[in-house]
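None of the values given here were measured: they were computed from a predicted structure.
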Amino acid sequence: MLDVREPREVCLRCRRPAAVCWCADLPTLATRTRVVILQHPRERDVAIGTGRMARLCLPNAELHVGLSFEESGAVAHALADPSRLAALLYPGPDALDLRTEPPEGPVTLVVLDGTWAHAKKLLDANPRVAALPRYAFEPDRPSDYRIRREPRPDYVSTIEALVAVLGILEGEPERFDAMLVPFRRMVD
């Protein structure tokens, strides 16, 4: 006899099975900083991805999925806003330290979301993004993202990076810790 099971109920907001939905824990945090998350297509449907979770917490954030955003009018518009500096959050030897050399004024923060290999591919495929002023930070603590292995101890997930960086840029680090509640629930 064929075993036919009913499909699991899935939350349409977080795209997780209803039994492990973390939407009840999502805070809504308004920011002065505009956040533009460029997500690798392979990350879109990853159940343990944090880019979507971050987007759901931040009303002043947008999420774009793709490999190349060079022809994207929405991304071009976000990067060309004359009232705010567009800055890329991505480590490297030419990256400025956000804690010691923060950008002046309002910022459009561009974040690459995916594995580190995917983020590198996004960087390579998007010269306009790669040419932005680059910023990095040293995390205060190691990543809690124990279900994925980071290539270096000082690398953190997208949502952990946004919590730290928005705390620095907005001057209220404790306010953004609320974003870690659904993240930790997901990890557990």
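Using modelled atom types and a 3.5 Å distance limit, the side chains of T108 and D81 yield no donor-acceptor pair.
Across all their heavy atoms, A125 and S68 have their closest contact at O-OG, 3.7 Å. Of all heavy-atom pairs spanning H64 and A74, the tightest one is CE1-CB, 3.6 Å. Closest of all the heavy-atom pairs between C14 and C23 is CB-SG, 3.5 Å. The minimum heavy-atom distance between G105 and V107, with the atom names listed, is O-CG2, 3.5 Å. Taking each heavy atom of P182 and L26 in turn, the nearest pair found is CG-CD2, 3.8 Å. When all heavy atoms of L79 and L132 are compared, the pair lying nearest together is CD2-CD1, 4.0 Å.
Under the 4.5 Å side-chain criterion, counting only non-hydrogen atoms from C-beta, L56 is not in contact with T28. Contact check for L58 versus L166: side-chain heavy atoms found under the 4.5 Å cut-off. A heavy-atom distance below 4.5 Å is found between the side chains of L85 and P133. Considering only heavy atoms from C-beta on, E160 stays 4.5 Å or farther from P139 through its side chain. At a threshold of 4.5 Å between non-hydrogen side-chain atoms, the residues D177 and V163 count as touching. Considering only heavy atoms from C-beta on, T158 stays 4.5 Å or farther from F183 through its side chain.
How far CE of M179 is from OG1 of T50: 8.5 Å, rounded to the nearest 0.5 Å. The distance from atom CH2 of W116 to atom NZ of K121, rounded to the nearest 0.5 Å, is 15.5 Å. Going from atom CG of L88 over to atom CG of L123 covers 6.5 Å, rounded to the nearest 0.5 Å. Separating the CG atom in L98 from the OH atom in Y135 is a distance of 7.0 Å, to the nearest 0.5 Å. Interatomic distance, Y90 OH to R134 CZ, rounded to the nearest 0.5 Å: 7.0 Å. Atoms SG and CZ, on C57 and F176 in that order, are 10.5 Å from each other to the nearest 0.5 Å.
The aromatic rings of H118 and H40 sit parallel, their planes meeting at an angle under 30°, below the 60° perpendicular limit.
L67 and L63 are members of different hydrophobic clusters when ILVMFWY side chains are connected at heavy-atom separations under 4.5 Å. Under the 4.5 Å side-chain contact rule for hydrophobic residues, V181 and M53 do not share a cluster.
The pair R52-E43 fails the salt-bridge criterion, with no side-chain N (NZ, NE, NH1 or NH2) lying under 4.0 Å from an Asp/Glu carboxylate O. Ion pairing between a basic and an acidic side chain is recognised when a charged N comes within 4.0 Å of a carboxylate O; E170 and R175 show such pairing.
When each of N126, V111, V75, D113 is checked for a side-chain contact (heavy atoms from CB on, under 4.5 Å) with L38, only V75 meets the rule.
With hydrogens and angles ignored, the 3.5 Å screen pairs no side-chain donor or acceptor of Q39 with any backbone N or O of G114. R34 places no side-chain N or O within donor-acceptor distance of the main-chain N or O of N60, the cut-off being under 3.5 Å. For R185 (side chain) and C21 (main-chain N/O), a donor-acceptor pair under 3.5 Å exists by modelled atom type.
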Practice task
Please step through side chain to side chain contact (heavy atoms under 4.5 Å, CB included) for the pair T100 and F137, ending with a clear verdict.
Solution key: CA-CA 9 Å; T100 60; F137 70 101; over 6 Å; no
